[in-house]
Amino acid sequence: MNDDVVDAYLERIGVARPPVADVAALRTLHRAHQVAVPFENLSIHLDEPISLDEPDLVDKIVRRRRGGFCYEANGAFALLLEALGARVSRLAARVYGDGRPGPPFDHLTLAVRLPDGTGPWLCDVGFGRHAVYPLVLGSRAEQEDPQGRFRLTETPDGDLDLLRDGEPQYRIEPRERALADFGPTCWWQQTSPSSHFTQAVICSRLTPDGRLSVSGRSLIRTSGGSRTEQPLASDADLLAAYRDHFGIILDRVPAAPAG
């Protein structure tokens, strides 16, 4: 990623180039990415193939000003951090559902070591509602964040469970992977009727005081302890919500999930 692309990426998330890639800069970048770049699976329902090639990730998020799911958002964020001097390890995780972790490579998360020697930090800008700021990967103590109380616990087989407010979120395999390793599961997530990404359409981002989401045909706002839901009855209303709240301009609405 050259300097022009780095500058364009930083403009996309509304952050000036940090003079040094330290913890304060990482916290700023981590939060800003979640505010600017939505967690979304629209490509799946627009019949747009998802590519994990690095130029395609950057093109989608930076030039086309779209978002993506974990492989895309964290995949692109890793490239930005590396261009700023960080050492980034791509880690496979298994998202919990029905009380147990999902399949291998179900999720991509990041371990980040900074040039000043600090880290590793657990960074994740591609998990929907998640920690606003990076978490200390090596700590087993409770870590406070605006999104809740997070804790990392070791499993008997050497993996790490991430818990939020006592509930397991995903299980991390602490072994560095290449982005290409996630390709088969990324394809499965796009195509399988069993994937929750094919079963629902979602577009969501962090806001300064909560979260804003379009789920199906509803615009959902959360702020503090309050939640409001506004129906989007027409295609025009739905397209306007994507445009006005997420900066995503579409020429057609995503197809409704089968069933």
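Predicted, not measured: the structure shown is a model, and the values here were computed from it. These values consider heavy atoms only, across backbone and side chains, with no hydrogens, waters or symmetry-generated copies.
- Between L84 and L80, some side-chain heavy-atom pair lies under the 4.5 Å cut-off.
- Between S139 atom OG and W121 atom CH2 the span is 10.0 Å, to the nearest 0.5 Å.
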Problem set entry | Candidate pair Q189 and D106, rule side-chain hydrogen bond (donor to acceptor under 3.5 Å, both in side chains), full reasoning | CA-CA 8 Å; Q189 299 281 25; D106 193 27; 2.7 Å; yes
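- Under a 3.5 Å cut-off, the side chain of E167 and the backbone N or O of R164 do not form any donor-acceptor pair.
- Among residues at least two apart or in separate chains, salt bridge (Lys or Arg N to Asp or Glu O under 4.0 Å) pairs with a member in residues 6-17 are D3-R17, D7-R17, E11-R65.
- The hydrophobic cluster containing L250, built from Ile/Leu/Val/Met/Phe/Trp/Tyr side-chain heavy atoms closer than 4.5 Å, also comprises L42, L46, V201, L212, V214, L219, L232, L238, L239, Y242, F246, I248, V253.
- Between L10 and A16, the shortest heavy-atom distance links the atoms CD1-C, 4.4 Å.
- Between R205 and V35 there is a side-chain heavy-atom pair separated by less than 4.5 Å.
- Under the 3.5 Å distance criterion, the side-chain polar atoms of N74 are matched with a main-chain donor or acceptor of V125.
- F105 has its side chain out of reach of P184: every pair of non-hydrogen atoms, C-beta onward, lies at least 4.5 Å apart.
- In plain terms, the two heavy atoms of P174 and I172 that are nearest each other are CD-O, 3.3 Å.
- Across all non-hydrogen atoms, the minimal contact from A73 to I61 is CA-CD1, 3.9 Å.
- Using modelled atom types, one side-chain atom of Q190 and one backbone atom of I50 make a donor-acceptor pair closer than 3.5 Å.
- Take D157 and apply the side chain to side chain contact (heavy atoms under 4.5 Å, CB included) test, not counting sequence neighbours, and it matches T155, D159.
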For this session: Begin from the C-alpha positions of D235 and R217 and carry the test side chain to side chain contact (heavy atoms under 4.5 Å, CB included) through to its verdict.
Result: CA-CA 9 Å; D235 287 357; R217 284 185 173 265; 2.4 Å; yes
For this session: List the steps, then state whether side chain to side chain contact (heavy atoms under 4.5 Å, CB included) holds for F127 with V95.
Result: CA-CA 10 Å; F127 193 61; V95 179; 3.8 Å; yes
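- Formation of a donor-acceptor pair under 3.5 Å by the D181 side chain with backbone atoms of A178 is found in this model.
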Exercise. Passes side chain to side chain contact (heavy atoms under 4.5 Å, CB included), S89 versus R113? Steps please.
Worked result: CA-CA 8 Å; S89 298; R113 293 170 173 83; 4.0 Å; yes
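- Distance CG/D59 to CG/D53: 11.5 Å, rounded to 0.5 Å.
- Residues D145 and A131 share a closest heavy-atom pair of OD2-CA, 3.4 Å.
- Linking ILVMFWY side-chain heavy atoms closer than 4.5 Å, directly or via other members, places V136 and V132 in two distinct hydrophobic clusters.
- Rounding to the nearest 0.5 angstrom, the gap separating the CZ atom in R151 from the CG atom in L163 is 8.5 Å.
- Under the 4.5 Å side-chain criterion, counting only non-hydrogen atoms from C-beta, P134 is in contact with R27.
- Distance SG/C123 to CZ/F77: 5.5 Å, rounded to 0.5 Å.
- In the hydrophobic cluster analysis, where Ile, Leu, Val, Met, Phe, Trp and Tyr join through side-chain heavy atoms closer than 4.5 angstrom, L137 is grouped apart from L108.
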For this session: Kindly indicate, with the supporting measurements, whether the criterion side chain to side chain contact (heavy atoms under 4.5 Å, CB included) is fulfilled by E54 and L79.
Result: CA-CA 8 Å; E54 293 178 357; L79 297 174; 3.5 Å; yes
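- In this structure a side-chain-to-backbone donor-acceptor pair under 3.5 Å is present from Q34 to H30.
- In terms of modelled atom types and a separation under 3.5 Å, the side chain of S192 and the main chain of S194 share a donor-acceptor contact.
- Y133 and I13 sit in two unconnected hydrophobic clusters of ILVMFWY residues. Membership requires side-chain heavy atoms under 4.5 Å apart, directly or through other members.
- Checked by atom type, the side-chain pair R129/Q147 shows a donor-acceptor distance below 3.5 Å.
- With hydrogens and angles disregarded, a donor-acceptor distance shorter than 3.5 Å links the side chain of T222 to the backbone of R211.
- Aromatic pair H45/F197: ring centres not closer than 6.0 Å.
- The environment of CG in N2 is crowded: more than 12 heavy-atom neighbours from other residues, nucleotides or ligands sit within 6.0 Å.
- Note that CD of Q169 is 6.5 Å distant from CZ of F150, once rounded to the nearest 0.5 Å.
- Q199 contributes a side-chain N or O that, together with a main-chain N or O of P193, makes up a donor-acceptor pair within less than 3.5 Å.
- Between H130 and T109 there is no side-chain heavy-atom pair separated by less than 4.5 Å.
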For this session: Quick one: do S43 and R66 satisfy side-chain hydrogen bond (donor to acceptor under 3.5 Å, both in side chains)? Show the steps, please.
Result: CA-CA 10 Å; S43 288; R66 286 280 301 276; 3.1 Å; yes
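- Linking Ile, Leu, Val, Met, Phe, Trp and Tyr whenever their side-chain heavy atoms come within less than 4.5 Å puts M1 and V37 in one cluster.
- Closest non-hydrogen pair, R90 versus L179, comes out as CD-N, 4.2 Å.
- Separating the OH atom in Y71 from the SG atom in C186 is a distance of 6.0 Å, to the nearest 0.5 Å.
- Listed for the S234 side chain is a donor-acceptor partner under 3.5 Å among the backbone atoms of D237.
- In this structure, Y170 has its ring center under 6.0 Å from that of H107.
- In this structure, S204 and S213 approach most closely via the heavy-atom pair OG-OG, 2.7 Å.
- Taking a cutoff of 4.0 Å between a charged side-chain nitrogen and a carboxylate oxygen, R227 and E229 qualify as a salt bridge.
- L114 and L122 fall into different hydrophobic clusters, where Ile, Leu, Val, Met, Phe, Trp and Tyr are joined by side-chain heavy atoms under 4.5 Å apart, directly or via other members.
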Problem set entry | Stepwise side-chain hydrogen bond (donor to acceptor under 3.5 Å, both in side chains) test for T153 and D161 | CA-CA 5 Å; T153 63; D161 276 347; 4.7 Å; no
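- Counting only distance, with no hydrogens or angles, the side chain of N41 and the backbone of I44 share no donor-acceptor pair below 3.5 Å.
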